[in-house]
Amino acid sequence: MRIHDTLTRRTVELVPRDPGKIAMYVCGVTPYASAHIGHARTAVIYDLLRRYLVHVGYAVMYVSNYTDIDDKIIQRAQAQGIAPLDLSNRYIEEYVEDMAELNVLPPDVTPRVSESIEDIIDLITRILANGYAYVSSDGVYFSVRKFGHYGRLSGRSIDEMRSGARVDVNEAKDDPLDFALWKLAKPGEISWESPWGKGRPGWHIECSAMSLRYLGGGFDIHGGGEDLIFPHHENEIAQSEAAFPGRQFVRYWMHSGMVNMGAEKMSKSLGNVMTVRELLKQYPGQVIRLYLLQTSYEKPLKFSLDGIGQAFSNYERMAEFETFVQELVKSSGGLIQGGDQDICDRFVREFDAALAENLNTSRALAAVYEFMTHVRRMVTEGHAATVDVSCAMKAFQSALWVLGLDETGAYMRDKMALVASRCNDLQTIAAEVGAAVDDQSAASDVLDAIIVKRQGARSAGQYDVADQIRERLRGIGIALEDGVDGVRYRIHGKQ
RNA sequence: GGCGGCAUAGCCAAGUGGUAAGGCAAGGGUCUGCAAAACCCUCAUACCCCGGUUCGAAUCCGGGUGCUGCCUCCA
C-alpha cells in the first residue's frame, strides 16, 4: 500500500523493515479527562490502518501508549486530593471502554510511562553518554542544537524558531530550545529514583523509550494526531537518534487530522469538546465510527450532528443489507438467479485499492454503497445467469471487518437502548391506544404490544387508526415499515 | 512575525492534466391499503476570485480573498 509520509512529504510505497511484518506505534492519550471525538478519530484511523494491514496479510505488532504521568495529571490529582496514578488510571479505564464501543481493537501492547521508568532512564543515560544532553539544576535537558537534523519533520529551522520567541525562558536551560528529559521532583510530587535524583520523565522521552522497547529501532510506522508533529515527534526523533547515532528511528511518519468544533480545533485546553461518552448516549458506537471514516484521515473534520445523522442513515443501510444478504444466502442455498458474476470481484478489487491508496476511506465507502446497490439490483431484476451470492456476503462482511463496522449485533443492542430511553413515551402511547401492558414492562415489550395493537387495526381495515399509531411512533423516532413478511421498525437518533 | 493546510451542489465528500465518484437530503416513478424499505430516473456546462501555461486544468504556475493548523499543553 501507499501512505503519506510526513517526513518526506510524499505518498510512498510502504516497505516494511521485515518482510511480511509491520511494527507500528501510535501516541496515545494523556488520561486526565474523558476522551473526546478527536481522540476517537485518531484511535479509529490507526485501528483501520491496522485492520487493513492484517487484511492484506501482514503480521502487525501494534503498540500504543498512555502518558499517565504529566503536569496536568499531577495538577488535577492535587486539586481532587487523589494520587496522580489513580486519576490517570480512572481515565484509562474509561478510555478503554469508549474505544471498545467504537470497535477499536485493543493494541497488542499498551505501555504506560509509570511502568517504563527503567527504560526511560536507560535511554537518557545513553543520550547523556553520547553528549546530546546535560544535567542541570532542575533536571536533564536535551541539547537541541547538537542534533543536526532537528526540525526536519516539522519543516522548520532552529533559527526560525528563535524568532518566534514563544519558547519559555528557563534559567536552567543552556538554550531556550532545549527540552527536559528528566524533571527533578518538587516537594510532595510523585517521583522515581534516578542517577540524577528523584524525579520523573519529561514529555517526549517516554514515547521513544516505549516504542524502542517493544518495536526496536527503525520500526515501520509511527503515528499520532497532527498536533504532535511539533514538538513531540520532532523531539522523539532527536532523542532516539541521539541515543543510537546513525540509526533511523522510524521508517514512516503518519499524522491524522484534527476534529474541529465549529471553526476551531477541538481540544481539552480550549474546553470546546464533545466527549465520546456524551455522543454514545445518542448514537450507536458503530454510527460514530462510520462518521469518522467518511472523511480522509488527513483532513480536518468539522464536527456536526447533521453529519452523524447522515452516518446513521448509511449505517442503517449497511446493517439492513447484511441481514438481507444473509437471508438471501439461506433461502437460495448460496446460488441465485442473478446477473453480473463480476460484481464481487470488482467490489473487492476497488475496495482494497481504495484503502491501499493512503487509506482512502471515502472511496472505499463509495465502493461499499455501490456494491449494495448492485447486489440488490441483481436480485430485483433476476437475470437468467446463476450467481454465487455467498461470495457477495463474504466480500461484504470482510469489508465491514476492515472498516470496523462489523458489529451489527452491537448496533442492534444500541438501538434497543435508544428504544429503552423512550420507554415513558412508549407507555403513554400504549395507554392511548389501549395496548395491554403494565408499568413494569420493558420498552421493547411495550413497543411490541403497540405493534400488535396496530396490526389488529390493520387487519380490521381500520387504516386511520393504524396510521395514527404509526405517526405517534414516528414522533418519538421509531419508524414502522409494513413488509410482506411482517413489521419492522427503525430507530433514529436525531429527532 | 515564521512555517504549513484547506476552499468541489442544500449538506457530507472523492477526484493532482483529458473533460465532475459516492452518500445524505429533495423531486418523479415501480411496489404498497397508505407509507416506509428496496429498485429505477432526475438533481454542479461546473470545482472561492483574477490572470497565466497547455490542444486540453477542479487538478500546474502567479496574484488575490476567506477559513484554519503549528510555532506553548494538546489526538
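Just so you know, these numbers use all the heavy atoms, side chains as well, and skip hydrogens, waters and symmetry mates. The chains referred to below are lettered A, B, ... by the order of the sequence lines, with proteins before strands, and numbering in each begins at 1.
- Within 3.5 Å, a donor on the side chain of A/Q310 pairs with an acceptor on the base of B/G23, or the reverse.
- On a pure distance criterion of 3.5 Å, no polar donor-acceptor pair joins the side chain of A/R363 and the base of B/A21.
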Which atom pairs link the protein and nucleotides 38-40 of chain B when you take only N or O atoms and keep those under 3.5 Å?
unit_1 : atom_1 : unit_2 : atom_2 : d
B/C40  : OP1    : A/R377 : NE     : 2.5
B/C40  : OP1    : A/R377 : NH2    : 2.6

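- Of all heavy-atom pairs between A/M266 and A/V273, the closest is CG-CA, 3.7 Å.
- Out of B/A21, B/A75, B/C73, the shortest distance to the side chain of A/S362 is found at B/A21.
- In this structure, A/R454 reaches the bases: a heavy-atom distance under 4.0 Å links it to at least one base atom across the strands shown.
- A/D220 places no side-chain N or O within 3.5 Å of a backbone atom of A/M24 that could act as its donor or acceptor partner.
- Each salt bridge (charged side-chain N to carboxylate O under 4.0 Å, His left out) pair with one or both residues in residues 355-369 of chain A, not counting sequence neighbours, appears once here: A/R2-A/E357, A/E350-A/R363.
- Ring centers of A/F249 and A/F219: under 6.0 Å apart, within the cut-off.
- Contact of A/D227 with B/C73 (side chain to base): no donor-acceptor pair of N or O atoms is detected under 3.5 Å.
- In this structure a side-chain-to-backbone donor-acceptor pair under 3.5 Å is present from A/S211 to A/S208.
- Checked against B/C73, B/A75, B/G22, the side chain of A/Y369 finds its nearest nucleotide in B/G22.
- In the set B/A35, B/A14, B/A75, the nucleotide with an atom closest to the side chain of A/S296 is B/A14.
- Nearest nucleotide to the A/T30 side chain, out of B/G22, B/G69, B/A75: B/A75.
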Dump every N/O contact between nucleotides 3-8 of chain B and the protein below 3.5 Å, one line per pair.
unit_1 : atom_1 : unit_2 : atom_2 : d
B/C3   : O2'    : A/G155 : O      : 3.2

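- Between the base of B/C12 and the side chain of A/Q294 there is no donor-acceptor pair shorter than 3.5 Å.
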